[in-house]
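Worksheet for the structure shown next.
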Protein chains: 2
Amino acid sequence: MGRRRQSVTIKHVAADAGVSLQTVSRVINNEPNVRPAMKERVQASIDKLGYVPSIAAQRMSGSRSYLILAINDRDLTIADWKAREGRDWVDQMLLGGMLTCAEHGYRMLIELVDTHSDHVERELGAAIAALQPDGVILTPPHSENSLITGLLAEKGIPFARIGSKQEGPGIAMTMGDSHNARLATDHLIELGHERIGFIAGPEDFSLSGWRMEGWASALEDAGFSSEGLCERGDFGFESGARAAERLLGLTEAPTAIIASSDQMALAVLEVARRRGLNVPKDLSLVSFDNSPIVRFTQPALTAIDQPIAATAARAVELLIDARKKPAPAEPVQIQGELVVRGSTASARVDAGS
Amino acid sequence: MGRRRQSVTIKHVAADAGVSLQTVSRVINNEPNVRPAMKERVQASIDKLGYVPSIAAQRMSGSRSYLILAINDRDLTIADWKAREGRDWVDQMLLGGMLTCAEHGYRMLIELVDTHSDHVERELGAAIAALQPDGVILTPPHSENSLITGLLAEKGIPFARIGSKQEGPGIAMTMGDSHNARLATDHLIELGHERIGFIAGPEDFSLSGWRMEGWASALEDAGFSSEGLCERGDFGFESGARAAERLLGLTEAPTAIIASSDQMALAVLEVARRRGLNVPKDLSLVSFDNSPIVRFTQPALTAIDQPIAATAARAVELLIDARKKPAPAEPVQIQGELVVRGSTASARVDAGS
DNA sequence: TTGAAAGCGCTAACAA
DNA sequence: TTGTTAGCGCTTTCAA
């Protein structure tokens with residue numbers, strides 16, 4: 001097979017155009033100090049020869065690697081892929097991230113890292129040393145892992161923290177969780193609901209708190225109480241079922257429930273069915289995530305759409321800009337929206353009909 | 001920000017261990033001619049310093065890039081991602097491909113290429129020149145695009161053609177389409193069906209033909225006719241609906257239908273509903289793909305599971321081995337399996353009940 | 001079995 | 001505005 005070498009290099013272009021390597025390099029990188037005529041001549045040679053710079057060589061000479069690394073939790077991601085239940089978090093990241101990368105001549109690479117192990121630093125450090133990415137996108141629960149953010153900061157690699165508002169190095173980004181929860185709550189209030197239950201996510205996700213806060217404050221603003229109407233889950237089905245049992249077992253049971261994940265929403269649906277409650281007649285239900293799964297339930301679920309693709313796209317842009325502009329001072333917020341489907345309806349005013 | 005350089009390089013390790021660069025290189029690459037004691041000493045320094053080789057530098061010096069490129073059709077992939085209907089083809093490729101890559105110190109990168117444009121060569125050529133991948137995985141409809149396979153062969157880059165049995169350069173791989181279609185057909189025959197319709201995929205996918213052939217030969221072996229019971233679609237919903245209308249409109253309508261994609265199967269379900277046919281009582285239905293979507297229909301669909309993850313995993317292994325071993329002479333076949341759910345049932349013997 | 005030298009393709013720094 | 005030089009981190013010769 002022999003060693004594969006670049007077929008067309010900067011040298012070929014330089015020779016063809018009759019200029020120095022440096023001039024070609026300047027044209028490639030769109031740098032100033034090249035006369036238009038010169039630029040045109042070089043570009044013609046580039047096109048003629050079909051030259052494309054090697055990112056390995058570019059990286060070697062101290063320039064960019066044109067690589068953005070998206071770090072996801074290993075166990076969670078693999079579990080989702082194996083379950084084949086249609087969760088498309090990764091796909092949406094790719095949709096937003098890859099396409100935006102492509103627009104700028106970058107590539108996005110997914111890396112799975114085990115959050116809960118004690119060798120996070122080793123794993124991530126190895127990926128960074130091997131790939132030398134120009135930017136890193138962190139997703140929860142990595143976004144607030146100080147072992148990770150510390151390492152990245154130390155290495156001077158720009159990174160985005162999706163789902164984090166914390167101060168500190170890196171670009172904080174959120175999907176407007178508080179706002180979104182309020183959106184869902186207001187929707188239910190408009191439908192006449194007054195007792196609206198909430199199933200929160202686990203405490204180690206900051207966004208769990210933000211969502212709770214959005215729900216509670218929306219209720220308060222409307223003059224209703226949130227007291228005793230919040231249960232915590234871990235985003236999984238089982239925990240959602242337990243939470244639903246507790247909420248629906250209350251003497252003053254809620255007439256609507258907001259679940260912080262689609263799995264927990266499915267659990268609510270199931271528990272309601274077992275208890276003979278009709279959704280949406282007896283119980284309205286709003287889910288977070290809006291992953292494909294919620295369209296196929298009976299009824300299809302009203303859901304908060306998490307703007308994952310838009311957030312990933314924005315993250316890539318900010319990361320690429322990071323070499324010039326400083327990171328935004330405030331957390332970057334991409335707002336989600338409410339998608340109304342069949343699981344929410346007017347509250348029954350009279351307990352009878 | 002300044003230029004980011006590798007923090008720990010082979011030089012540091014060499015200095016720490018008191019040996020030459022070359023010796024360290026030999027240890028990294030597990031090459032012979034290193035005394036065990038020496039190897040141990042070097043390895044100790046590597047571990048101590050947390051050294052990880054830069055793939056850019058490795059690639060530069062004519063060695064591997066440790067990159068495997070998975071080429072998918074741009075429009076198809078983006079459409080799937082945007083539709084958010086749970087198709088997880090990409091996820092399954094990542095599941096099989098990425099994890100296997102990781103086991104061998106490789107990374108997998110997805111690249112979207114526009115098949116139908118006239119600049120396929122330019123697009124793919126650019127990706128190859130930029131990334132210098134050690135191997136490429138082609139998925140349909142790229143697998144049998146001679147512009148692509150020709151380019152890859154010319155550049156001497158090992159590649160796998162998923163969904164292709166053709167002779168020629170590259171590793172041909174199939175997911176056992178003929179066998180799978182037979183599996184589905186035999187399942188229906190065992191349930192007592194004799195008139196089994198088939199909705200084929202488009203002609204430019206070789207696998208469309210293989211599936212047809214599996215279905216037809218299974219029918220023939222059982223002594224039944226396939227005459228007039230095959231309609232062609234394009235894998236999409238609309239085409240499936242048209243095909244279903246034609247099949248169910250026959251005077252001797254089939255009592256069971258096999259659809260070559262889940263979208264077409266959904267269409268059959270819809271057409272059956274419109275015609276007042278109960279699935280599975282009046283009509284049995286088997287789908288290809290087994291993507292998440294088919295579990296959420298009413299009833300859930302019996303489906304052929306395409307072993308995408310396993311195939312991607314095997315492709316990666318073969319590609320990595322390609323530098324040593326020659327490619328397999330015969331097409332590599334990873335068989336799928338039938339997942340029985342609620343859309344198939346016994347054929348009614350009497351037309352009455 | 002080990003080491004020294006050369007060079008991969010490119011860019012930063014400097015010189016003209 | 002353009003060109004020259006040196007060097008990135010590594011592996012491949014080739015020599016010891």
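Note that these values count all heavy atoms, side chains included, but never hydrogens, waters or copies made by symmetry. Naming: A, B, ... by sequence-line order, numbering from 1 per chain.
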Worksheet item: Which of these passes side-chain contact (heavy atoms from CB on, under 4.5 Å) with A:Ile157: A:Ile128, A:Leu319, A:Leu151, A:Asp134?
Response: A:Ile128
Fill in: Distance below 4.0 Å between A:Ser54 side-chain N/O and C:dC10 OP1 or OP2
no
Worksheet item: If you count the non-hydrogen atoms of other residues, nucleotides and ligands that lie under 6.0 Å from CD in A:Glu40, is the total more than 12?
Response: no
Item to complete: Report the residue (B:Val24 or A:Pro36) whose heavy-atom-nearest nucleotide on DNA chain D is the more 5′ of the two.
Response: A:Pro36
Worksheet item: What integer distance in Å separates B:Ile55:CD1 from D:dT11:C1'?
Response: 15 Å
Worksheet item: For the pair made of CZ in B:Arg26 and C1' in C:dA4, what is the distance, rounded to whole Å?
Response: 11 Å
Item to complete: Mind calculating the distance between CD1 (B:Ile28) and C1' (D:dT11) to the nearest angstrom?
Response: 10 Å
Worksheet item: Just how far, in rounded Å, is P of C:dG7 from CD of A:Gln6?
Response: 19 Å
Response to the item:
B:Ile320 and B:Arg323 have their tightest heavy-atom pair at O-CG, 3.2 Å
Discussion item. Tell me whether the side-chain N/O atoms of B:Tyr51 come closer than 4.0 Å to OP1 or OP2 in D:dC10.
Written reply: yes
Fill in: Donor + acceptor pair across side chains of A:Lys165, A:Ser206 (<3.5 Å)
no
Worksheet item: Is a side-chain N or O of B:Thr115 found less than 3.5 angstrom from the main chain of B:His142, in a donor-acceptor match?
Response: no
Fill in: 5' priority, DNA chain C, between B:Ser20 and B:Met60 [closest heavy atom]
B:Ser20
Worksheet item: Does any N or O donor sit under 3.5 Å from an N or O acceptor when you compare the side chain of A:Arg59 with the base of D:dG9?
Response: no
Worksheet item: Within this structure, what is the CZ-to-C1' distance between B:Arg64 and D:dT12, rounded to whole angstrom?
Response: 14 Å
Practice prompt. Output the single nucleotide from C:dG9, D:dC10, D:dT1 whose closest atom is nearest the side chain of A:Ser61.
Written response: C:dG9
Practice prompt. May I ask you to say what B:Gln22 touches in the nucleic acid, namely base, sugar-phosphate or nothing, with a heavy-atom cut-off under 4.0 Å?
Written response: base
Worksheet, complete the sentence: The nucleotide from C:dT2, D:dC10, D:dT11 with an atom nearest the side chain of B:Thr9 is D:dC10
Worksheet item: If only side-chain N and O atoms of B:Thr23 are considered, is one of them under 4.0 Å from the OP1 or OP2 phosphate oxygen of C:dG3?
Response: yes
Discussion item. For D:dC10 and B:Ser25 - does any side-chain N or O of the residue sit under 4.0 Å from the phosphate oxygens OP1/OP2?
Written reply: no
Worksheet item: Of the nucleotides C:dC10, C:dA12, C:dT1, which has the atom closest to the B:Arg35 side chain?
Response: C:dT1
Practice prompt. Using whole Å, report how far CG of B:Leu21 lies from P of D:dA15.
Written response: 19 Å
Discussion item. Any base atoms under 4.0 Å from A:Pro53, or only sugar-phosphate, or nothing? Heavy atoms, all strands.
Written reply: sugar-phosphate
Worksheet item: What's the CD-C1' distance between A:Glu31 and C:dC14, to the nearest Å?
Response: 14 Å
Practice prompt. Please report, rounded to the nearest Å, how far the C1' atom of D:dT2 is from the CD1 atom of A:Ile10.
Written response: 14 Å
Worksheet entry | Check against side-chain hydrogen bond (donor to acceptor under 3.5 Å, both in side chains), B:Ser20 and B:Thr23 | CA-CA 5 Å; B:Ser20 73; B:Thr23 303; 3.2 Å; yes
Fill in: Residue met sooner reading DNA chain C from 5', once B:Ala57 and B:Asn33 are mapped to nucleotides
B:Asn33
